[in-house]
Amino acid sequence: MMSVIAVQSVKMVTANMLLSVFFVSGALAACPYNPGLFITAPKNMEALSGSCLRIPCNFRAKPDEEFKSARKTFGVWIKSSKDFAKYPQNVIFNSSWEHNLYPMKITGDLSQKNCTTLFSSLITKHTDTYYFRIENWPFRSTAECDPLQITVRGSAPRPRIEISGDLKEKESVTISCSASTPCPHSPPKLTWNLQQDPHNNIEENTDQTFTTKIQKTITLSDTHDGFTISCSATYPVNEGREVKTAEERKTLSVSYAPKNTSVSISPSGLVSAGSWVNLTCSSRAKPPASFSWFKNSKDGAIRVAKGKFYSVSVTSVTDDYHCVVTNVLGNQTSSWINLRSAENSDSSLIWASALGGIILILIIIICLAVCIRCCKTKHQTPQQPQSQGAEVLDMPGSWDVVRNQF
Ligand SMILES: *[C@@H]1O[C@H](CO)[C@@H](O)[C@H](O)[C@H]1NC(C)=O
Ligand SMILES: *[C@@H]1O[C@H](CO)[C@@H](O)[C@H](O)[C@H]1NC(C)=O
Ligand SMILES: *[C@@H]1O[C@H](CO)[C@@H](O)[C@H](O)[C@H]1NC(C)=O
Ligand SMILES: *[C@@H]1O[C@H](CO)[C@@H](O)[C@H](O)[C@H]1NC(C)=O
Ligand SMILES: *[C@@H]1O[C@H](CO)[C@@H](O)[C@H](O)[C@H]1NC(C)=O
């Protein structure tokens with residue numbers, strides 16, 4: 001009995017916790033105060049030490065008519081605790097003062113309810129929660145429900161690399177690298193290995209903060225697969241006397257249809273009819289491809305097998321094979337590969353030697369005929385030594401021709 005009650009109370013606690021979580025996330029319901037001032041500014045801002053931070057800010061009074069533009073207005077920034085009566089040293093900026101504790105400046109026009117502030121020469125110790133206050137006598141109020149959390153880091157934030165679209169060959173994609181720009185007066189310089197001297201573009205975001213961006217549109221091919229994009233953001237700090245750099249990398253994984261498809265035979269060289277050879281189909285493809293083997297026949301190519309390897313018995317006739325490699329992006333066909341047995345090759349060798357023999361015999365016959373004619377001429381006209389000598393000299397030349405046939 002006791003244990004059942006315990007379980008129930010645990011359930012109730014959980015339900016209460018859930019309720020309070022809902023309350024916290026519900027805009028102002030969590031803020032127990034009822035201030036007369038609200039600001040519109042980012043809730044969390046990150047900045048780099050040695051640089052500045054532009055805080056985009058607008059305010060509104062509640063009720064609205066409490067604030068009168070015509071009256072003299074002071075803007076005040078308070079750190080850590082809104083209870084500045086108790087901790088007067090927390091008032092780190094008052095626009096009516098000439099010397100302030102923190103290097104801040106309200107650049108917005110307070111009469112236009114613009115409290116945009118430039119916070120310069122930041123150090124990591126400036127990391128804190130800040131409250132904005134308006135003094136528009138007799139109206140005075142602190143935006144207690146809109147604290148601003150500022151985090152000042154010692155090292156540069158890493159840029160972001162983004163790629164629009166599908167990473168497939170022939171696809172045109174836009175690759176961008178962007179870096180947060182808390183201090184638009186001295187923005188970071190972005191560089192990458194996709195192009196020399198890219199054009200740095202400073203864009204305003206919807207919350208009025210800024211981003212520095214470079215981008216490039218490329219048409220993908222299989223050669224981009226595995227390429228690592230590296231982008232660097234270099235921030236000037238301490239009035240540009242130094243820089244802080246951060247780098248981001250992203251490796252492209254590009255899908256492509258099969259490429260470099262070829263077939264290899266093992267063993268290579270001649271084999272006798274009836275023995276087996278292994279055919280291997282090779283290809284590059286992403287995602288991995290499937291393989292099919294085709295044999296050429298009178299009726300065209302017919303599929304004989306699937307898989308990267310194909311074992312085939314060599315027949316006495318010659319056969320042609322090829323493989324087709326297919327993935328989701330397409331297919332590629334290897335060139336035909338011709339399989340013939342050693343016997344097949346031997347018979348063609350015989351034919352070749354037979355043809356050679358016949359030619360040789362013909363040459364010998366012609367030579368003999370020439371020789372006989374020549375001897376006859378010698379006997380009939382012995383009184384012509386010049387022409388005779390010329391013909392005798394021709395003889396070894398003819399034999400050279402015959403010899404060259406071997
Ligand atoms: C800001 O300065 C004005 C004028 O000096 C002063 O009246 C006011 O009290 C100051 N505000 C705070 C919060 O210190
Ligand atoms: C507020 O003032 C800043 C100047 O510091 C200006 O850049 C910005 O556009 C103004 N915002 C609005 C909403 O007028
Ligand atoms: C793959 O094929 C391409 C042409 O499509 C060629 O330029 C490249 O040299 C080939 N690579 C290999 C390893 O054969
Ligand atoms: C072919 O491959 C099989 C195994 O896949 C192997 O047992 C055989 O010896 C190979 N034959 C030749 C001729 O390479
Ligand atoms: C190869 O792709 C072409 C279209 O690109 C298609 O017509 C053909 O049927 C495909 N072949 C195989 C074997 O999948």
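One is the number of the first residue; the rest follow in order along the sequence. Order of listing sets the numbers, starting from 1, for every ligand and every atom in it.
- For Asn114, every heavy-atom contact with ligand 2 shorter than 4.0 Å involves the side chain, none the backbone.
- One finds a salt bridge joining Glu248 and Arg158 here, because a Lys/Arg side-chain nitrogen approaches an Asp/Glu carboxylate oxygen to under 4.0 Å.
- The residue Lys105 has no part lying near ligand 2, judged by heavy-atom distances below 4.0 Å.
- A salt bridge links Arg249 with Glu247: the distance from a Lys NZ or Arg NE/NH1/NH2 to an Asp or Glu carboxylate oxygen falls below 4.0 Å.
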Pairwise, report which nitrogen or oxygen atoms of ligand 3 are under 3.5 angstrom from protein nitrogen or oxygen atoms, and how far apart they are.
unit_1, atom_1, unit_2, atom_2, d
ligand 3, 2 (O), Asn260, OD1, 3.1
ligand 3, 2 (O), Asn260, ND2, 2.6
ligand 3, 11 (N), Asn260, ND2, 2.6
ligand 3, 14 (O), Asn260, ND2, 3.0

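- Residue contact check: Val324 has heavy atoms under 4.0 Å from atoms 13 (C) of ligand 5.
- Looking at ligand 2, you won't find any N or O of Asn58 less than 3.5 Å from one of its N or O atoms.
- Any N or O atom pair closer than 3.5 Å counts here, and Asp109 shares no such pair with ligand 2.
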Let me see the working for Arg133 and Glu135 under salt bridge (Lys or Arg N to Asp or Glu O under 4.0 Å), right down to the final yes or no. CA-CA 7 Å; Arg133 177 177 172 83; Glu135 302 197 339; 2.9 Å; yes

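- Panel note: side chain Asn136, backbone Lys68; a donor-acceptor pair is recorded below 3.5 Å.
- When all heavy atoms are compared, the tightest approach of Pro187 to Pro184 is CD-O, 3.4 Å.
- Side chain of Gln332 to backbone of Thr261: a donor-acceptor contact under 3.5 angstrom is found.
- Under the 4.0 Å criterion applied to side-chain N and carboxylate O atoms, Asp225 and Lys286 are assigned as salt-bridge partners.
- Using a 4.0 Å cut-off between charged side-chain N and carboxylate O, Lys168 and Asp222 make no salt bridge.
- Residue Gln112 places every heavy atom at 4.0 Å or more from ligand 2.
- You'll find the ring centres of Phe59 and Phe67 inside the 6.0 Å limit.
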